[in-house]
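Below is one structure; the comments refer to it alone.
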Amino acid sequence: MKVQLVANLAANGQLILAAQSNAYQAPQEISGMGFAKAIECGNVIMGLTTYQMFAPMMKEVLDTLEVVVMNPEDTEADVYTAKSAEDAIAYLESKGFAKACVVGGTMTFNSFLGAGLADELFFNLLPVVINGGGVLETVVGKTLEYTLADAKPFGDVAILHFVRNAE
């Protein structure tokens, strides 16, 4: 299964988290990129905090997708709760999906990176410097290498697409 990770990054490399939405709002067209990728995949994987933030305002979109919430405990009846990145992928594969879209948050992103399961990275690099954002990382001793496949400007935002190098 091809796994696409979609994230908004500040100019200093930190993830712009859902909890920071009161301090900084990415342009709407950029914010919607993750869900546009999710619609292409037919599914979306996100952490509990991200799900709780987006579920009320994105209900119509989420109702059209297979939703997987990463959480150590069951979340609710209408979404699948995955305990790990591997669990999320196994579930979506059992449903016949060929691609998965991961939209956040930090622990969810890092679960996929740590497991070596992120095949493509889609980053919106935003012209702000923040403090307290998340940091993308793998597990100790693991390095994932990517090649820049595409870069394009959108106003002051750089939209970057990386593809994982073959091992």
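Throughout, numbering of the chain's residues begins at 1 and tracks the sequence.
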Treating Asn43 as the side-chain partner and Lys99 as the backbone partner, does any N or O pair qualify as donor plus acceptor under 3.5 Å?
yes
Hydrophobic clustering (ILVMFWY, side-chain heavy atoms < 4.5 Å, transitive) - are Tyr146 and Val139 grouped together?
no
Would you say Glu66's side chain and Gly42's backbone share a donor-acceptor pair under 3.5 angstrom?
no
Could you please spell out the steps behind the side-chain contact (heavy atoms from CB on, under 4.5 Å) verdict for Leu92 and Tyr80?
CA-CA 10 Å; Leu92 291 174; Tyr80 181 78; over 6 Å; no
Only counting residues at least two apart or in another chain, list the ones meeting salt bridge (Lys or Arg N to Asp or Glu O under 4.0 Å) with Lys83.
Asp74
Spacing of Leu121 atom CG and Phe109 atom CZ [to the nearest 0.5 Å]:
9.5 Å
Of all the heavy-atom pairs spanning Gly116 and Lys142, show the shortest one and how long it is.
N-NZ, 3.8 Å
side-chain contact (heavy atoms from CB on, under 4.5 Å) partners for Leu125, two or more places apart:
Leu9, Ala158, Leu160
Applying side-chain contact (heavy atoms from CB on, under 4.5 Å) to Leu117 and Glu86, what does each step give before you reach the verdict?
CA-CA 8 Å; Leu117 293 174; Glu86 296 88 351; 4.2 Å; yes
Answer yes or no: is there a side-chain heavy-atom contact under 4.5 Å between Leu136 and Leu15?
yes
Flag, side chain of Thr147 to backbone of Asn165, donor-acceptor distance under 3.5 Å
no
Which label fits Phe35 and Phe54: parallel for a plane angle under 30°, tilted from 30 to 60°, or perpendicular past 60°?
perpendicular
For Met58, does the CE atom sit with more than 12 other heavy atoms under 6.0 Å from it, leaving out its own atoms?
yes
side-chain contact (heavy atoms from CB on, under 4.5 Å) between Leu113 and Leu5, worked out
CA-CA 9 Å; Leu113 292 168; Leu5 189 146; 4.2 Å; yes
Side-chain donor or acceptor of Asp150 paired with backbone N/O of Ile159 under 3.5 Å:
no
Does anything in residues 51-62 pair up under salt bridge (Lys or Arg N to Asp or Glu O under 4.0 Å), and if so which pairs, sequence neighbours excluded?
Lys59-Asp63
When every non-hydrogen atom of Ala100 is compared with those of Ile45, the smallest separation belongs to CB-CD1, 3.9 Å
